[in-house]
Asks: 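Below you'll find the structure I mean.
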Amino acid sequence: MKLNQVTVGATDIPRAIEFYTRLGMTLIVEDGHYARFEMPAGDTFSVHQADTISGATTVVYFEFADVDTAVKDAEARGITFDTQPEDQSWLWREAYLSDPDGNRICFLQESPNRRFPPWRVDGRTA
C-alpha cells in the first residue's frame, strides 16, 4: 500500500491555489471545485470545494531535508507560520502554519525517527 495523496477542503479554490503555489507546489489540475498540485519530489496534494470548514482535526505533514531553510524560503514568499522550527520531545524538528481555511500544516525535519522512533511497537530500527 502507498499513500496516493491527501485532499483537504477549501472554501475558496482560487485562494487555495494561490496559497499552495506560494508554498512551493505546482498546480497540475484545476476545474473550479478541485485543484491538484505536484510537489518537488513528485508527490501530489489536492484541495476540494467545501461550503464550510469547521474545526479542522487533520494535520498535513510536509517533510524537508532542512526545515529551517524551508520555513525561511516560504516566509520569503509571504507565508506566515504560527510557530518557528522547534525540536520536539518526539525526536524531530517541526514548524506549524495554517492555510487560509484553517487546515493545519506542519513542516517537518527529515529524520529516520518518523518511521523508526525508539518506541516503535514492532521493535524494528532503521
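Because the structure is a prediction, the values reported are computed rather than measured.
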Asks: Decide side chain to side chain contact (heavy atoms under 4.5 Å, CB included) for Leu91 and Trp119; before the verdict, give the C-alpha distance in whole Å, the side-chain angles of both, and the deciding distance to 0.1 Å.
Replies: CA-CA 11 Å; Leu91 304 179; Trp119 52 87; 3.8 Å; yes

Asks: Do Asp122 and Arg120 have side chains that get closer than 4.5 Å, going by heavy atoms?
Replies: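 Contact flag for Asp122/Arg120 side chains = yes.
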
Asks: For Val29, does its backbone N or O pair with a side-chain atom of Arg36 as donor and acceptor, under 3.5 Å?
Replies: no

Asks: Quick one: side chain to side chain contact (heavy atoms under 4.5 Å, CB included) partners of Asp82, sequence neighbours excluded?
Replies: Ser98, Arg104

Asks: Does the side chain of Pro14 come within less than 4.5 Å of Asp12's, by heavy atoms?
Replies: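 A side-chain contact under 4.5 Å exists here.
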
Asks: Should Thr21 and Thr26 be marked as a side chain to side chain contact (heavy atoms under 4.5 Å, CB included) after you check the CA-CA gap, both sets of side-chain angles, and the distance that decides it?
Replies: CA-CA 6 Å; Thr21 55; Thr26 301; over 6 Å; no

Asks: May I have the step-by-step check of salt bridge (charged side-chain N to carboxylate O under 4.0 Å, His left out) for Arg114 and Glu63, ending in yes or no?
Replies: CA-CA 10 Å; Arg114 178 183 62 81; Glu63 188 175 75; 3.0 Å; yes

Asks: Rounded to the nearest 0.5 Å, what separation is found between the CD atom of Glu94 and the OG atom of Ser111?
Replies: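 Going from the CD atom of Glu94 to the OG atom of Ser111 covers 11.0 Å.
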
Asks: Hey, is the main chain of Asn103 close enough, under 3.5 Å, to the side chain of Asp101 for a donor-acceptor pair?
Replies: no

Asks: Looking only at atom types and distance, does a side-chain atom of Asn113 sit under 3.5 Å from a main-chain N or O of Pro118, one as donor and one as acceptor?
Replies: no

Asks: Quick one: CD on Glu86 to CG on Asp68, what's the gap to the nearest 0.5 Å?
Replies: 11.5 Å

Asks: Indicate the atoms forming the closest heavy-atom contact of Ser46 with Gln5, along with that distance.
Replies: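 Heavy-atom minimum between the residues: OG-NE2, 2.8 Å.
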
Asks: Please check if the side chain of Glu30 supplies one atom and the backbone of Gly32 the other of a donor-acceptor pair under 3.5 Å.
Replies: yes

Asks: With distance as the sole test, does Asp87 use its side chain to make a donor-acceptor pair with the main-chain N or O of Arg93 at under 3.5 Å?
Replies: no

Asks: Residues sharing Phe64's hydrophobic cluster, by side-chain heavy-atom contacts under 4.5 Å among ILVMFWY, directly or via others?
Replies: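 Result for Phe64 is Leu3, Val6, Val8, Ile13, Ile17, Phe19, Tyr20, Leu23, Met25, Leu27, Phe37, Met39, Phe45, Val47, Val60, Phe62, Val67, Val71, Ile79, Phe81, Leu97, Ile105, Phe107.
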
Asks: Kindly indicate whether the side chain of Thr11, heavy atoms from C-beta on, has any atom under 4.5 Å from the side chain of Asp51.
Replies: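 They are not in side-chain contact.
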
Asks: How long is the straight-line distance from OH of Tyr96 back to SG of Cys106, given to the nearest 0.5 Å?
Replies: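 Those atoms lie 4.0 Å apart.
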
Asks: Find out whether Tyr34 and Gln49 are in side-chain contact, i.e. whether some heavy atom of one side chain is under 4.5 Å from a heavy atom of the other.
Replies: no

Asks: Taking all atoms of both residues into account, what is the closest heavy-atom pair of Ala10 and Ala16, and its distance?
Replies: CB-CB, 3.8 Å

Asks: I would like to know whether Glu75 and Gln84 meet side chain to side chain contact (heavy atoms under 4.5 Å, CB included); could you show each step before the answer?
Replies: CA-CA 11 Å; Glu75 287 176 328; Gln84 289 297 303; 2.8 Å; yes

